[in-house]
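Step one of this worksheet: look at the structure below.
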Amino acid sequence: MHPSPRLELQTLRDLIRYGVSRLNAAQVALGHGSDNAWDEAVYLTLHALHLPLDTLEPFLDARVLGEERDRVLDLIDRRVTERVPAAYLTNEAWLRGHRFYVDERVIVPRSPIAELLDEGLSPWVQDPLAVERVLDMCTGSGCLAILSALAFPYAHVDAVDLSPDALDVARRNVADYGLADRLDLHESNLFDNLPARQYDVIVCNPPYVNSGSMDALPQEYLHEPQLALAGGDDGMDLVRRILEAAPRFLAPEGVLVLEIGHERDFFEAAFPQLSPVWLDTEAASDQLLLLTREQLSL
C-alpha cells in the first residue's frame with residue numbers, strides 16, 4: 001500500500017497551500033468573515049493548531065504532528081464538503097477584532113455597522129459619552145449590542161430578537177464580555193414587547209434579503225437561520241414595520257442606523273419620501289443608511 005499523499009503535507013506552509021487549493025477548486029462561497037481563500041485557509045489552520053490568529057510568519061515552516069495535520073485537514077474537508085461557513089466549524093466569529101461565540105442558531109456576525117461603531121457613529125453622534133440608551137433590533141448573536149455597549153460606555157443597551165435560540169447565543173456572548181449589568185436581552189417581535197423607552201441610538205441589521213435573492217443564495221448561507229435573512233418579496237417586510245414604529249422609540253435627537261445589504265433599489269422604491277444619509281464603510285457601499293427621528297416622523 002502506498003502511504004497517503006497527505007503525509008507529504010508537513011508544515012503550516014504546506015497545509016495552508018493545500019487549503020487554498022481545495023477551497024479554490026471547490027469554489028466555496030466566501031463572505032462569512034473571509035473574502036478570499038488564503039485568509040480562510042490561514043484562519044482554519046491557525047485555529048486548528050491553537051496558534052494566535054494574528055501571528056503566522058514565525059510558524060510558517062514549522063512541522064506539524066500527525067494528529068495536528070489531521071485536525072487541520074478535517075476542518076478543510078468539512079468546509080469544502082459540507083459547505084459550512086468557517087465560523088460554524090470553529091464556533092467563533094471575529095468582528096472588528098472582537099471574538100463572538102456562534103453556532104447555527106444565529107447568522108455569522110459580519111455587519112458593516114460594526115465599523116461605524118468603532119468611531120462611536122461619529123459625526124452623527126457628537127458625544128459617545130452622552131449616549132444614555134441604545135437599542136439593537138434583530139440582535140442575533142448580540143454582536144452589535146455588545147459593540148454598542150463598548151462604543152457608548154455610559155449607555156444602557158437593549159437587544160431584541162424574536163428567536164429564543166438566538167437569544168441563548170447572545171446571552172453567552174454578553175456574559176463573556178461581562179456586560180450583563182447594562183445590556184438587557186428581550187424576546188420580542190420587533191418593538192412589540194419592549195417597554196416604552198426613547199433611545200439615543202437604534203442600530204438594526206434586520207432580515208432584508210428579497211425572495212429572488214433568497215432562492216439564489218449559495219449553499220453556505222443555507223446553514224444560517226432563514227428567519228434572520230428572508231425579508232419578503234422585496235426584502236422590505238420587516239423594514240416597513242421598523243421604520244413605522246421607530247419614531248415612537250427615538251429620543252428627539254435620536255438616530256436610526258439600518259443595514260439593508262444590496263437592496264438599495266428596493267428600499268428607495270418602498271420609501272420614496274425618505275432621504276436617508278447613506279453611510280459608506282471600508283467594507284460596504286450603499287448598504288447602510290441613517291435616519292433621524294425628525295425624518296421618520298414626517
Side-chain angles (χ1 to χ4, degrees), residues 1-110 114 140-143 146 165-166 168-173 175-177 217-226 228-229 283:
M1 281 183 63
H2 293 291
S4 168
R6 291 184 170 200
L7 294 178
E8 297 186 31
L9 304 172
Q10 297 186 6
T11 65
L12 264 70
R13 193 186 299 273
D14 293 340
L15 290 168
I16 292 167
R17 196 284 308 157
Y18 174 81
V20 172
S21 295
R22 285 289 310 279
L23 296 169
N24 282 336
Q27 297 183 315
V28 299
L30 299 161
H32 290 93
S34 304
D35 63 5
N36 63 84
W38 166 262
D39 285 346
E40 189 101 332
V42 168
Y43 169 68
L44 291 172
T45 301
L46 292 175
H47 182 276
L49 297 178
H50 307 292
L51 290 171
L53 298 181
D54 58 354
T55 311
L56 173 62
E57 191 63 37
F59 303 110
L60 264 175
D61 293 308
R63 292 164 69 96
V64 297
L65 300 173
E67 63 186 40
E68 293 178 319
R69 176 173 52 238
D70 290 344
R71 284 207 306 270
V72 173
L73 296 179
D74 179 62
L75 275 183
I76 293 170
D77 285 344
R78 290 191 62 198
R79 177 69 184 88
V80 167
T81 59
E82 299 175 27
R83 299 284 169 156
V84 181
Y88 292 152
L89 297 175
T90 63
N91 290 125
E92 68 176 20
W94 291 83
L95 193 58
R96 308 301 294 174
H98 293 85
R99 181 190 181 278
F100 299 98
Y101 172 85
V102 295
D103 58 35
E104 294 192 20
R105 294 175 291 176
V106 294
I107 63 171
V108 176
R110 54 186 178 272
S141 64
C143 58
I146 290 167
D165 283 343
D168 282 344
V169 175
R171 198 167 291 113
R172 176 169 176 168
N173 283 317
D176 285 348
Y177 279 86
L217 283 176
Q219 195 173 339
E220 278 83 350
Y221 292 84
L222 302 183
H223 289 275
E224 297 187 290
Q226 302 307 285
L229 294 172

[X] side chain to [Y] main-chain N or O, any donor-acceptor pair under 3.5 Å?
X      : Y      : value
Asp70  : Glu67  : no
His223 : Glu82  : yes
Asn173 : Ser141 : yes

Ignoring hydrogens, what is the shortest heavy-atom contact between [X] and [Y]? Give both atom names and the distance.
X     : Y     : answer
Ala48 : Val72 : CB-CG2, 3.7 Å
Ala37 : Val20 : O-CG2, 3.9 Å
Arg17 : Leu9  : NH2-CD2, 4.3 Å
Leu53 : Trp94 : CD1-NE1, 3.3 Å
Leu73 : Leu15 : CD2-CD2, 3.9 Å
Leu23 : Ala41 : CD1-N, 3.9 Å

Could you grab the distance from atom [atom1] of [X] to atom [atom2] of [Y], nearest 0.5 Å is fine?
X      : Y      : atom1 : atom2 : answer
Leu75  : Arg78  : CG    : CZ    : 7.5 Å
Ser34  : Leu44  : OG    : CG    : 7.5 Å
Tyr101 : Asp176 : OH    : CG    : 10.5 Å
Asp14  : Asp61  : CG    : CG    : 8.5 Å

If you measure from the Lys or Arg side-chain nitrogens to the Asp or Glu carboxylate oxygens, is any gap between [X] and [Y] under 4.0 Å?
X      : Y      : answer
Asp77  : Arg22  : yes
Arg171 : Asp168 : yes
Arg110 : Glu220 : no

Of all pairs that satisfy ring pair (Phe, Tyr, Trp, His ring centres under 6.0 Å), the ones with a partner from residues 50-74, not counting sequence neighbours: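 Applying ring pair (Phe, Tyr, Trp, His ring centres under 6.0 Å) to every pair that reaches into residues 50-74, excluding sequence neighbours, yields nothing.
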Using residues 83-91 as the side-chain source, report each donor-acceptor pair under 3.5 Å to any protein atom, sequence neighbours left out, with the distance given to one decimal.
{"residue": "Arg83", "atom": "NE", "partner": "Val80", "partner atom": "O", "Å": "3.4"}
{"residue": "Arg83", "atom": "NH1", "partner": "Ala26", "partner atom": "O", "Å": "3.2"}
{"residue": "Arg83", "atom": "NH1", "partner": "Gln27", "partner atom": "O", "Å": "3.2"}
{"residue": "Arg83", "atom": "NH2", "partner": "Ala26", "partner atom": "O", "Å": "2.5"}
{"residue": "Tyr88", "atom": "OH", "partner": "Val106", "partner atom": "O", "Å": "2.6"}
{"residue": "Thr90", "atom": "OG1", "partner": "Tyr43", "partner atom": "OH", "Å": "2.6"}
{"residue": "Thr90", "atom": "OG1", "partner": "Ala86", "partner atom": "O", "Å": "3.3"}
{"residue": "Thr90", "atom": "OG1", "partner": "Glu92", "partner atom": "O", "Å": "3.4"}
{"residue": "Asn91", "atom": "ND2", "partner": "Val102", "partner atom": "O", "Å": "3.0"}

Pairwise side-chain contact, Leu46 with Leu12, heavy-atom cut-off 4.5 Å (strictly under):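 A side-chain contact under 4.5 Å exists here.
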Set of residues satisfying salt bridge (Lys or Arg N to Asp or Glu O under 4.0 Å) with respect to Glu104, sequence neighbours excluded: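 Residues passing salt bridge (Lys or Arg N to Asp or Glu O under 4.0 Å) with Glu104: none at all.
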CA sep, side-chain torsions, deciding dist, call: Leu51, Thr45, side-chain contact (heavy atoms from CB on, under 4.5 Å): CA-CA 9 Å; Leu51 290 171; Thr45 301; over 6 Å; no
Stepwise side-chain contact (heavy atoms from CB on, under 4.5 Å) test for Ile16 and Trp38: CA-CA 7 Å; Ile16 292 167; Trp38 166 262; 3.3 Å; yes
